[in-house]
Amino acid sequence: MEKIWRHRSEPIANGSSSYERDLETTTLQECEDLINRPQGVEFDYVAEGRANVVFSVREVDGLTTRKGRFEGTLLRVAKATLGVTPCDYKTLQDFHENQVMSRVGRQHLVPQVLIQISARVAGVLHKRRGRCDESEIRAGYAMLMQDMRALPGYLVLEFKPKWLAQSPIASLDAKRCRTCAREAFRNYQRRANEEPVPVPICPLGLVHENPAVVMNTIRRLAPKWTERDRKRLAHAFKSSGILKKLRELQTEGDHDQALLQNPSDPSFGLAMTLRDCSCYVRMPIDVDQAVEIKLADVDKKNWEEKQMYWRETHWNLVDNGWYTCEEQVDTPIVTRCVLSQTSSPAPPPPAEQ
């Protein structure tokens with residue numbers, strides 16, 4: 001699968017002319033056949049969200065197991081959950097290939113391919129979750145996707161870029177961006193539940209024209225990294241153009257009153273997808289190797305189901321002062337939104353010895 005992932009990580013126009021498509025078809029069929037023969041593989045639970053579960057896969061060879069064909073690969077499956085109506089995987093893959101890939105660029109996306117799993121395998125995977133809730137894994141389409149987790153010799157980072165530009169229907173006198181306003185409200189809820197209240201990282205800082213603001217944002221995003229590696233990351237963000245491309249697509253699809261007037265518009269749906277995607281960074285320790293930056297979770301949203309929630313969220317942030325820092329709470333919620341910065345950014349830390 002690693003050869004497939006390398007090919008699918010190249011720009012479409014620059015794909016290798018020597019790439020063997022027949023070999024890809026054969027490899028994918030072999031992987032699907034192996035997965036549907038549970039005695040030939042072992043599954044390890046990795047993580048799950050509201051609508052999906054992720055596993056790693058190892059081939060079984062006698063008394064030993066190895067990654068084999070599944071080196072650098074994860075299995076993603078849908079789960080049926082009460083009250084959640086996700087799009088089916090065939091629809092998600094069509095959206096990925098026909099909407100996201102052509103707009104974002106294949107080289108910027110974590111590659112994924114469709115396979116199918118049997119009811120027997122779905123049952124095995126459900127047991128491997130070890131959960132006793134009302135959700136379940138069902139037979140049907142599943143996905144193999146590139147594994148972007150840590151590898152020896154690499155630094156890794158995962159984060160959600162969120163809203164890289166202000167909402168076009170935010171309060172006119174806003175002192176918080178859409179992400180910081182939403183996180184301020186969520187922190188109010190966390191504090192009421194006696195949960196930790198983290199100060200949100202403002203995504204506007206990642207695409208700011210002032211390099212000092214970008215670096216201050218990256219320091220908060222990667223607090224354990226060295227200053228040299230943070231500068232490498234800033235350079236990688238700038239040279240790849242991926243975050244500014246995301247911002248451009250977010251604003252193109254939501255340029256005015258789309259949420260209130262036409263939330264079913266496909267361009268608005270793409271904008272909302274790209275406001276909820278994940279960004280994966282793998283930085284080689286070897287400074288001569290390229291930094292890898294890719295987006296995942298670029299799934300089509302169930303717009304009909306989501307639009308009421310999006311509208312309610314918007315009016316809560318506007319009507320209750322979360323955009324303007326005028327929320328009616330006993331103790332103010334601390335945010336460090338770029339919109340409200342009135343002084344120069346803090347100076348960089350001393351150079352490392």
Side-chain angles (χ1 to χ4, degrees), residues 1-9 16 19-81 84 86-97 101 106 109-152 278 280 294 296-300:
M1 289 301 299
E2 286 195 304
K3 185 174 182 180
I4 293 175
W5 301 145
R6 284 195 299 272
H7 172 72
R8 287 176 173 252
S9 296
S16 173
Y19 184 71
E20 301 177 32
R21 297 196 177 279
D22 289 344
L23 178 60
E24 174 176 311
T25 301
T26 301
T27 301
L28 291 178
Q29 189 60 58
E30 289 175 350
C31 289
E32 182 175 314
D33 292 344
L34 273 171
I35 284 174
N36 283 293
R37 197 169 65 242
Q39 66 272 20
V41 293
E42 286 188 1
F43 303 105
D44 293 312
Y45 174 85
V46 175
E48 67 183 275
R50 292 186 68 203
N52 307 281
V53 190
V54 178
F55 298 88
S56 62
V57 187
R58 290 173 290 136
E59 293 186 39
V60 176
D61 184 9
L63 298 177
T64 63
T65 62
R66 59 190 178 90
K67 296 297 292 183
R69 295 171 182 82
F70 300 101
E71 189 72 43
T73 303
L74 294 173
L75 172 67
R76 179 191 184 199
V77 297
K79 68 176 184 180
T81 305
V84 177
C87 295
D88 67 88
Y89 271 24
K90 180 65 167 63
T91 300
L92 294 184
Q93 187 67 8
D94 288 344
F95 181 77
H96 181 96
E97 294 179 355
M101 191 182 294
R106 184 172 72 171
L109 301 173
V110 174
Q112 60 188 43
V113 293
L114 278 182
I115 62 169
Q116 294 199 57
I117 60 171
S118 66
R120 180 185 178 192
V121 172
V124 170
L125 294 173
H126 184 68
K127 290 180 181 178
R128 293 295 293 171
R129 285 178 63 211
R131 300 292 182 91
C132 297
D133 56 25
E134 295 182 355
S135 64
E136 63 175 342
I137 295 171
R138 295 177 180 173
Y141 284 111
M143 290 181 184
L144 294 176
M145 57 190 295
Q146 184 184 22
D147 185 356
M148 291 294 291
R149 294 179 298 171
L151 289 173
S278 297
Y280 290 87
K294 292 184 179 179
D297 303 325
V298 287
D299 292 340
K300 180 180 181 180

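Just so you know, these numbers use all the heavy atoms, side chains as well, and skip hydrogens, waters and symmetry mates. What you see is a predicted model; the values in this text were computed from it and never measured.
When every heavy atom of Arg131 is checked against every heavy atom of Tyr45, the shortest pair comes out as NH2-OH, 2.9 Å. Closest heavy-atom contact between Cys31 and Arg69: SG-CB, 3.9 Å. Taking all atoms of both residues into account, the shortest heavy-atom contact from Asp297 to Ser278 is OD2-OG, 2.6 Å. Of all non-hydrogen atoms in Leu92 and Met143, the two that sit nearest each other are CB-CE, 4.0 Å. Minimum interatomic distance between Ala122 and Ile137 (heavy atoms only, all atoms of both residues): CB-O, 3.6 Å. Considering every non-hydrogen atom in both Met101 and Leu109, the closest pair reads CA-CD1, 3.7 Å.
Here CG of Asp94 is found 8.5 Å from CG of Asp88. Values are rounded to the nearest 0.5 Å. Taken to the nearest 0.5 Å, the CZ atom of Phe55 stands 13.0 Å off from the CZ atom of Arg76. For the atom pair OG (Ser135) and CZ (Arg129), the distance works out to 3.5 Å, reported to the nearest 0.5 Å. Atom OH of Tyr89 sits about 7.5 Å away from atom CG of Asp299, to the nearest 0.5 Å. Note that the CD atom of Glu59 and the CD1 atom of Ile35 stand 10.0 Å from one another [nearest 0.5 Å]. Rounding to the nearest 0.5 angstrom, the gap separating the CD atom in Glu32 from the OG atom in Ser118 is 9.5 Å.
Between Ile4 and Thr73, the closest side-chain pair of non-hydrogen atoms is not below 4.5 Å. Taking the side chain as every heavy atom from C-beta outward, Arg106 and His7 approach each other to under 4.5 Å. Side-chain contact between Ile115 and Leu75 is present, with heavy atoms from C-beta onward closer than 4.5 Å. At least one side-chain heavy atom of Asp44 sits under 4.5 Å from a side-chain heavy atom of Arg128. For the pair Ser56/Phe70, no side-chain contact is recorded, criterion being any heavy-atom separation below 4.5 Å from C-beta on. Taking 4.5 Å as the limit, some side-chain heavy atom of Val113 sits within range of a side-chain heavy atom of Met1. Using a 4.5 Å cut-off on side-chain heavy atoms (C-beta onward), Thr91 and Tyr141 make no contact. For the pair Val121 and Val77, the minimum side-chain heavy-atom distance is 4.5 Å or more.
Just one residue in the list Lys3, Arg6, Arg8 forms a salt bridge (charged side-chain N to carboxylate O under 4.0 Å, His left out) with Glu24, and that residue is Arg8.
A salt bridge is absent between Lys67 and Asp147; no separation between the charged side-chain nitrogens and carboxylate oxygens falls under 4.0 Å.
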Practice problem: Apply side chain to side chain contact (heavy atoms under 4.5 Å, CB included) to the pair His96 and Val298, showing each step before the final yes or no. | Solution: CA-CA 7 Å; His96 181 96; Val298 287; 3.6 Å; yes
Self-check item: Residue pair Gln93, Gln112: steps toward the side chain to side chain donor-acceptor pair (under 3.5 Å) verdict
Solution: CA-CA 8 Å; Gln93 187 67 8; Gln112 60 188 43; 2.9 Å; yes
